[in-house]
Amino acid sequence: MTANPLLEVNNLKIYFPIKKGVIKKKVTYVKAVDDISFLIKEGETLGLVGESGCGKSTTGRGITQLVPVTEGEITFQGENLAELAKGDLRERRKDMQMVFQDPYASLNPRLTVEDILAEPLKAHGVKSKKERIERINKMLDVVGLNRNFAYRYAHEFSGGQRQRIGIARALILNPKLIIADEPVAALDVSIQAQVLNLLKDLQKDFDLTYLFISHDLSVVRHLCDRVAVMYLGRMAETGSTEKIFENPLHPYTQTLLEAIPISNPRDKKERIILKGDVPSPVDPPKGCAFVGRCPKAFDRCHHDRPQLLKMNAEQEVACHLYDE
Amino acid sequence: MTMTKNVLDIKDLTINFKSEGKELSVVDGISFSIKAGETLGVVGESGCGKSVTSLSIMGLIPSPPGRVANGTIEFEGKNLLDFKEKEMRKVRGNEISMIFQEPMTSLNPVFTIGKQINEVLLLHNEMNKSAARNRSIEMLKLVGIPRPEQIYHNYPYQLSGGMRQRVMIAIGLACQPKLLIADEPTTALDVTIQAQILNLMRDLKEKTDTSIMFITHDLGVVAEMCDRVVVMYSGQVVEETDVDTLFNDPKHPYTLGLLGSIPKATEKIDRLYSIRGQVPQAGTVERGCRFADRCDKVMPRCYTEDPPLLKMKEGHQCRCWLYAEEEGGAEIDS
Amino acid sequence: MGIHKKIWFIMLLAFVLFLAACQGNNDVNETDDNETPDETIDTEENAGNNEDDMNDGNNEEEADHGGEVTVGIEAEPTSMDPQNTTDGNSATVQSTMFEGLLRFDEDMSIVPVLAEDYDYSEDATEVTFTLREGVTFHDGTEFDANVVKENLDYVRDSDNGLARSSFFSFIDEVIVDDDFTVTVRAEEPNSAMASYMAHSSAAMKSLEEYEKKNEDEDYNLDREGAVGTGPFQFVEWRDSEHVIVEKFDGYWNEEELARVDQITFRPVQEASTRVNMLQTGEVDLIFPIPTLNAGELEQEDDIDLYTGPTTDVFYIGMNFENEKYHDLDVRQAMNHAIDKDGLIAQVLDGYGTIADSAIAPNVYGYSGQPIYEYDVAGAQELMDGSGQPDGFEATLWTRNNTEFISVAEYAAIQLEEIGIDVEVQAYEAGTLFDMLDEGDGTDLWIGRWSPGTGEADYGLRPNFASDRVPPNFNNSGFYINEELDELFDEALATPDEDEALDIYADIQQRIYEDAPWVFLHIPDAIIAKNQNLEGVYVLPSGAVNLNLAEFR
Amino acid sequence: MDKQKKNSPFRIFLRKFLKQKLAVFAFGLVIAIVLVGIFGPLFSPYDPHRPVTAQYPDMGIDLEQLTSLTLEIEGLLSNGETIEQQELTQIQTETDDRRIAAVRRSQSGIRVSANSSGYTDAIVESGDVSAVSKVLVRGEIPLDDAEPTISQIRINQPDASFSEGDSYQIEVSALLTDGTEITSLDNLKELAEELYGEEEEEDTSGFQSSTTNDDDAASFQINSLTEDTVSVDEDGVVSFESDGEGLVQIQAGEAKSLVQFQVGPDSIEPVLTSLVLQSTTIELNDAYKHQSPSSLHLFGTDHQNRDILSRVIHGTKETLLIGFVSVAIGTVIGTVLGLLAGYYGGWLDSLVTRMTDVLLAFPGILLAIAVIAFLGAGITNIIFAVAVFTIPVFIRIVRASTLSLKEMTYVEAAKSIGVPNTVIIFRHIFPGTLSVVMVYLTMRIGVAILIGAALSFLGLGGDITAPEWGSMLSAAKDNSGTIFHATFFPGLAIVITVLSFNIFGDGLRDALDPKLKE
Amino acid sequence: MLNFILRRLLGMIPILLIITIIAFLFVHLTPGDPIRIMYGAEIDQETYQQMRESEGFNDPLIVQYGRYMYNMTIQGDFGQSYRTRSDVSDEVLRRFNYTFVLTILSMFWAILIGVTVGIISATKRNSLVDRVGMISTITALSIPEFWFGLMMMQVFAVQLGWFPTSGSGTWIHLILPSLTLGFGVAATIVRFTRSSVLEVLREDYVRTARAKGQKESVVIWSHVLRNALIPVVTMAGLQFGFLIGGAVVVEQVFAWPGLGSYLIDGILTRDYPVIQALILLFSLQFLIINLLVDISYGFLNPQIRYE
């Protein structure tokens with residue numbers, strides 16, 4: 001695990017303005033992503049976890065330039081994406097593909113599987129139809145779909161099959177990085193396992209790097225090498241999967257893990273239940289984002305924003321508890 | 001097992017839905033019962049018929065296209081299917097109440113929280129408005145809503161999903177029902193909020209002694225909440241047992257597969273067990289075991305004969321030919 | 001909060017309901033409110049209320065006291081000032097309130113009204129009026145020679161911007177001889193002066209109105225200044241609703257005192273609606289009426305129908321600047337190509353007569369000519385003999401009302417039979433006048449002309465004199481005929497009636513033979529009324545006089 | 001391959017659509033109407049621009065369609081000679097009821113023309129003599145047998161001259177309009193009393209005007225026109241009082257004749273004593289207009305006697321043109337602007353939205369009226385007017401639909417792949433808006449046709465002579481109370497067409513609605 | 001909320017300004033001459049020019065526009081009608097009453113019929129009642145308004161004599177025109193209500209209400225209707241524009257002395273001040289209705305707050 005960083009995100013901020021007033025004065029911002037940094041090394045899987053609204057999906061969209069980045073640097077294979085010309089950016093996209101959460105909404109119902117899979121090829125200059133069909137057929141084999149399916153429409157498939165199509169679309173350009181935004185959240189349990197296994201197999205076969213965005217800690221634990229925990233647009237803790245699950249440092253990570261339902265009734269346990277809801281990203285707390293719900297909050301947490309601290313070789317945490 | 005009396009007894013319930021001129025049995029001859037004070041988990045993947053079953057208990061199956069084709073739903077000894085609409089209205093919300101999966105849309109956006117709790121109170125109780133108001137605020141307090149007097153006047157959009165689900169629970173429990181049907185009440189919620197709600201439900205159950213029928217696809221939630229579990233697959237009950245047996249001695253290949261395919265937060269498994277194939281639409285398999293296509297232990301017999309529900313031990317039944325001879329389990333008449 | 005909103009919502013609904021229920025009665029309520037404190041204006045208030053009663057069919061009961069007449073007219077009047085009026089609807093309303101020195105009677109002959117007598121000077125440059133004494137205006141002021149002078153001087157003065165100012169431009173001076181004698185002197189000999197003075201625009205208005213206008217620039221003579229000497233006085237004008245006039249008790253001619261208490265004029269634009277209203281008894285008299293409905297109304301027992309010729313002449317004008325029409329053969333061919341009998345039968349349902357001159361028989365000075373008979377073969381021969389044997393393309397402009405359009409359609413269909421390919425274009429009347437006055441691109445157009453003075457000069461000169469080509473009106477076809485120009489002046493300067501008539505006959509013959517128009521027809525005036533109403537006079541011009549109307 | 005195609009969104013839509021029987025029927029109607037619009041003119045029974053009467057000969061339809069004829073008359077002089085009508089002077093003509101028929105003198109004779117169905121008397125008068133002919137006009141209203149009236153009176157002209165003190169019994173015969181003759185004075189008198197006795201009093205219209213006839217008041221009269229030479233009593237006995245010329249006139253109803261006597265020795269100039277009409281009954285047809293529906297004209301004829309069926313058929317094209325073209329223009333412009341504004345947002349969006357707001361601030365028909373008033377009437381202008389107010393509607397719906405489609409994950413997916421914006425718009429967004437556009441398009445066609453008709457009604461329509469349904473309705477609207485078919489059929493054509501489009505659009509909507517399951 | 005209304009009102013100003021310019025250009029560039037229209041053919045060139053001068057038609061357009069704006073905004077004077085010489089603002093106000101009453105009553109019918117039938121249709125979906133209701137509404141949408149009006153008049157006024165044929169005066173006069181006018185809108189509202197109710201019936205909270213044991217009628221009339229009305233109110237607001245357009249035709253047919261007939265007369269006679277004033281008024285009316293619709297949202301939908 002000494003590979004080079006494939007993707008580096010530094011001080012990423014993504015703010016959405018809320019327009020108000022007659023002449024549309026920009027008054028407030030939704031701070032969806034508020035100054036986060038992380039990196040992904042080649043061949044590894046980074047899990048980005050957090051509850052809904054914590055900014056994990058926005059981060060993914062920011063990296064692929066689907067939403068405008070307010071501030072910060074995204075370096076992919078050593079190139080700063082913000083500094084790339086438009087054409088080059090499109091070229092880079094080839095190496096950085098997304099898999100989306102909702103397999104129903106992410107496939108255009110008016111297109112056949114072939115059309116859907118041909119689209120990235122066309123967009124990136126594969127002109128020969130023969131070559132396209134060849135690659136599509138190959139890709140269908142890879143994701144475990146019948147070649148005949150190429151002429152069917154997306155709506156004829158079940159959720160698991162659709163997600164395979166979505167994965168095929170992402171893979172067809174031989175990308176380096178796959179950003180998977182909750183790829184199994186909408187699937188039934190039995191299907192979820194199939195897809196997770198597929199993702200694992202593909203990673204091995206194609207040397208893929210994953211940014212795996214999920215709210216499901218069990219899935220993350222199963223799939224990821226490293227985990228980054230986000231809360232309200234900020235990074236709470238990052239570290240290797242082992243460390244995070246065995247020895248969570250941030251109080252939020254701790255409660256998050258506590259909240260996971262047990263997997264066997266014999267394991268019934270007493271636990272701390274987190275109180276209250278996630279506050280609004282329009283008006284986040286001044287100090288630590290988690291301060292309002294944190295069982296261990298103290299005075300300083302209200303004023304100072306904690307920075308990520310390297311706790312050990314594999315773990316960083318943003319919490320004043322570990323400031324010393 | 002103590003012989004507590006059953007609150008709900010479902011026998012041979014078959015529900016058909018009409019689609020493109022054909023009638024499909026979405027629920028096909030299911031039977032189970034819920035004892036007083038018990039939490040029964042109904043587990044299954046999407047399309048297995050668990051929600052339809054719960055709606056049929058409430059008498060809320062959209063008709064057409066759906067209809068109860070066969071069977072009985074006995075609630076405290078009386079068959080609900082014989083009830084007239086007017087009698088049924090007295091049961092709903094009063095003796096049996098229900099909370100739904102989507103807290104965001106289950107509350108009427110144009111009425112205040114208070115009005116929506118009052119509504120059910122005034123419907124089923126002889127009380128005046130101010131009494132209803134007091135009781136509503138009491139209920140809000142009970143489900144752990146801070147500043148209940150203020151929330152009473154709020155509209156649903158002003159509350160978060162977790163809070164709304166608490167309100168739904170308050171509405172469900174307002175008339176102290178004998179049975180609460182919870183249809184995936186936490187699926188749409190974040191883990192931390194889910195934990196809050198599950199905790200709340202456990203607490204309330206202890207306080208009120210209400211029986212709960214807990215419908216979910218999440219086995220983790222089942223493990224936390226339920227006393228007994230019914231596993232459904234494609235409109236049928238494939239296994240019924242107490243929760244401990246389910247997790248530690250499951251019999252049906254589907255249950256086994258399901259347990260195996262769930263990743264665990266507590267340990268790292270390199271490769272998940274996965275059930276092959278797709279979840280069939282309920283009612284589409286005409287003959288044989290409905291799981292046969294996906295089963296690793298499938299036998300020729302599975303394709304041709306419908307497996308009966310076999311008794312494994314007291315309170316444990318399983319619908320699989322695997323156990324027909326070896327356990328000698330008696331067939332439970334269906 | 002929630003309850004409040006609910007209340008708001010209900011109140012909003014209630015408000016809407018309330019408005020819907022009450023607003024309809026508004027008028028009545030308002031008048032009722034005003035009535036209580038002030039008893040003296042009783043008659044006027046009654047007028048407002050009785051209008052509603054009438055709809056319930058209370059006519060019979062009212063008959064003893066005179067009753068009230070409701071008249072459905074075609075369009076909104078445009079003014080209550082005769083001197084600023086050019087349309088028939090306004091004139092009809094005004095005729096109940098205003099009188100001039102003279103007027104036309106039912107035979108189109110000139111009879112004295114406010115003048116007892118008049119005399120032309122030998123050379124026809126002056127006419128002297130002996131005025132009637134003891135005439136008072138509605139506002140109580142006296143009528144005398146000075147009033148005549150002031151009225152004529154006011155209307156003549158173009159600074160006052162009255163529509164009829166040029167109509168009186170022939171006057172050189174108005175001389176007050178004594179209190180009740182006044183002389184009008186013309187710049188040139190003019191034997192038609194009496195006709196001009198009998199025109200409805202030569203009505204006498206109370207001098208007080210002029211004073212009010214002088215004092216207050218914004219004083220609206222068109223709407224408020226309706227103070228004349230007629231048997232009715234002005235009450236109220238509500239746009240699109242009604243004009244109400246009521247009986248004037250101080251009318252000078254006691255024999256012709258008004259016999260009803262009130263007349264209400266209601267503008268109703270849709271002809272079929274007017275007919276329906278007459279049938280249901282909502283109005284007592286309507287005009288004009290579509291010819292087709294006339295036949296139907298004729299069958300109804302309790303409705304009387306009047307039909308009789310008017311002084312309007314319908315024609316197709318042609319533009320002489322356009323070479324197509326230079327050939328007399330072509331013009332005559334066009335006249336022969338149109339079946340006027342068929343036109344009258346089909347378009348006018350028989351309610352019309354063929355125009356056998358450029359003016360109608362009821363116009364003073366008329367002389368009929370042998371008409372151009374319908375003869376397609378003959379017309380085709382004429383065309384063959386002309387420079388355009390294969391015909392040509394033409395555009396026919398028409399006003400966009402049913403009557404004109406039907407005529408245009410009919411003519412177009414028939415002209416096509418001799419190879420003249422006609423495209424009909426309909427324009428709103430004002431636009432059409434404007435286009436004709438501009439004189440650009442005029443080709444063929446459907447025209448209608450009626451001399452308001454009822455005599456030949458005004459019937460012919462504007463249409464055929466060389467100095468009346470655009471932008472002056474109304475020789476829109478640029479028809480130049482110098483012989484005619486001389487004859488016009490000669491006729492006007494001839495004081496001897498018979499001689500003048502001979503000249504006019506000559507003029508008409510020349511015009512008819514030269515065919516600068518396609519002469520079409522003279523429509524009938526069609527007026528229908530409730531059988532109970534009597535004493536309605538119809539003038540040959542088609543105008544209706546209601547001054548002596550009464551209920552049977 | 002076939003099996004796959006079966007599940008294409010189009011096939012699914014088609015299956016859903018075909019399930020709606022009514023909509024399919026409406027679609028059939030739409031197709032039929034379009035076909036009529038294109039090919040109808042080839043099959044229309046008549047030329048829609050010309051009166052049918054002018055077409056009967058060409059079409060080989062042989063109908064007695066005499067609408068007018070020339071009546072020849074002769075004058076009978078007292079010396080027994082006849083004179084041709086050209087030589088007759090001072091001829092005056094009149095009919096009892098001009099609505100039914102008109103009579104006038106022309107170069108070739110007396111011309112009688114039918115106006116509308118009924119019967120009336122045509123009176124020809126020359127000086128002191130007159131004759132009457134019955135005019136029967138056949139038309140819609142079936143006629144009862146007309147009561148005959150007295151047409152001509154013939155008085156035997158004595159050859160001899162008389163002298164003072166003589167007396168003479170006049171011998172009279174009379175011809176009735178039905179051709180029967182009356183030979184005695186008493187019979188004539190009796191008949192005249194019977195026929196005209198009461199009628200004459202009946203002028204109670206309450207209208208006072210110059211044209212009311214009050215001269216010939218009596219039903220039967222016999223009187224001397226030269227009272228100093230002859231006198232006559234009621235029974236027709238003439239007494240001669242002095243020398244000279246004696247004239248006696250007999251009048252029965254409208255017919256008048258003279259008899260001339262030479263009293264004394266001086267010979268006298270012969271005078272016109274009576275008029276002889278070539279026919280006493282004239283039968284004409286009212287074939288001018290508004291023929292009721294019949295096997296010849298299924299929808300009847302209009303006010304210019306044009307075949308309404310043919311006009312409705314020809315009008316289909318115009319009407320459809322207004323519907324299709326205006327909506328097509330509106331749709332194309334509206335869709336393009338809506339797509340661009342919705343997809344790109346920013347200043348373009350603000351501009352387009354503002355523009356739509358302003359356009360929508362005018363109610364549709366007012367906007368159309370404004371455009372027509374500005375550009376003048378005409379089919380192209382109607383099309384333009386309707387297009388103008390169709391544009392903002394489409395901008396709105398397409399923009400809204402674009403905004404929601406823009407947020408679809410598959411659009412995001414395409415973006416993330418690096419698909420260019422234009423491709424995204426045309427491949428992913430436009431097809432998505434298409435369903436709602438299609439629905440609105442069909443519905444709007446109906447609206448456009450209605451607006452076109454309303455503009456015509458308000459007098460702002462296109463070419464008035466063109467066979468366009470709206471103008472047809474507008475032209476016939478004044479008579480809607482009396483002439484049913486002239487408004488009914490064009491109106492029905494509009495209703496059926498608009499209804500077809502609306503039901504079809506409804507069917508489309510249901511078929512395209514993803515919430516409705518197959 | 002007051003702030004919101006104020007802001008919206010201020011926002012109208014630029015739109016109205018654009019509209020005054022459009023209206024002004026529209027009337028002044030249209031062919032047709034008001035002087036000719038006023039006096040017909042019977043005035044000569046000299047008088048004609050005199051009148052043009054005195055009405056100020058010979059000034060440059062910008063000067064005329066300036067004068068118009070000055071008179072309107074500073075003096076509150078909309079000018080005098082060329083046709084009837086009455087004060088336009090008085091006349092518009094007076095006629096506004098008529099049109100207002102007509103449109104309000106039409107809207108009342110439309111909503112009464114529309115919402116009732118819409119709900120019945122939706123709750124009895126696919127039944128005979130529903131089908132009949134849907135087919136008749138779609139037919140209602142396909143009938144030309146004036147034709148319908150004329151037929152109503154023929155049947156109810158002429159044949160049966162129940163109502164006066166036309167004119168104004170009592171509330172009875174209002175019935176036929178308002179029904180004619182409301183008819184088409186009712187059809188639209190029926191369709192809209194139906195689909196809106198169907199939509200809401202699918203909502204989870206309706207199931208919640210039923211699960212509470214609430215009576216179906218209460219579910220429909222309280223839970224469903226309140227929510228379903230939100231889009232219906234928007235649509236009804238927009239239909240007001242349609243009503244004003246329809247009023248032009250219907251007022252013409254029934255001789256109702258409202259703004260519609262005033263406008264048509266105005267346009268036909270190039271009565272500039274009338275046209276300008278009415279276009280402005282109609283636009284203002286439309287904007288205000290939109291505002292009212294937005295405000296009524298607040299009553300119907302608590303989620304909308306006005307900042």
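Chain naming here is simple, since letters A, B, ... match the order of the sequence lines and numbering starts at 1 in each.
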Exercise: identify the closest heavy-atom pair between B:Arg294 and A:Ile191: NH2-CD1, 3.9 Å

Side chain from CB out, backbone as N, CA, C, O: work out which of these in A:Cys224 comes under 4.5 Å of a heavy atom of chain B, or both, or neither. backbone

Does any heavy atom of chain B fall under 4.5 Å from the side chain of A:Glu258, the backbone, both, or neither of them? neither

When rounded to the nearest 0.5 angstrom, what is the spacing between NZ in A:Lys200 and CZ in B:Arg271? 8.5 Å

Can you name the nearest heavy-atom pair linking B:Thr192 to A:Ala259, along with the distance? CA-CB, 3.9 Å

Heavy-atom pairs under 4.5 Å with chain B: which of A:Ile260, A:Val189, A:Asn197 has the most? A:Asn197

Does any backbone or side-chain atom of A:Asp216 lie under 4.5 Å from a heavy atom of chain B? Answer side chain, backbone, both or neither. neither

Is A:Leu196 close to chain B through its backbone or its side chain, or both, or neither, when contacts mean heavy atoms under 4.5 Å? side chain

Applying a strict 4.5 Å limit to non-hydrogen atoms, the region of B:Tyr273 in contact with chain A is backbone

Non-hydrogen atoms of chain A under 4.5 Å away: do they reach the side chain of B:Gln194, the backbone, both or neither? side chain

Flag yes if more than 12 heavy atoms outside B:Lys205 fall under 6.0 Å of its NZ atom; otherwise flag no. yes

If we define contacts as heavy-atom pairs under 4.5 Å, which of A:Glu246, A:Arg293, A:Arg221 has the most with chain B? A:Arg221

Partner chain A: residue of B:Ile193, B:Leu219, B:Val221, B:Asn248 with the largest heavy-atom pair count (under 4.5 Å): B:Asn248

Counting only N and O atoms by type, is there a donor-acceptor contact under 3.5 Å from the side chain of A:Gln194 to the main-chain atoms of B:Gly277? yes

Is there side-chain contact between B:Pro263 and A:Gln192, with heavy atoms separated by less than 4.5 Å? yes

Of all heavy-atom pairs linking B:Val191 and A:Glu51, the shortest is N-OE2, 4.4 Å

Using non-hydrogen atoms and a 4.5 Å limit, figure out which bit of B:Asn199 sits close to chain A: side chain, backbone, both or neither. side chain

Any donor-acceptor N/O pair, B:Glu45 side chain to A:Ser190 backbone, under 3.5 Å: yes

Between A:Ser52, A:Gly160, A:Gly159, which residue shows the highest count of heavy-atom pairs closer than 4.5 Å to chain B? A:Ser52

Scored by heavy-atom pairs under 4.5 Å with chain A, the best of B:Gln278, B:His217, B:Met163, B:Arg276 is B:Gln278

Does any non-hydrogen side-chain atom of A:His222 lie less than 4.5 Å from one of B:Ile262? no

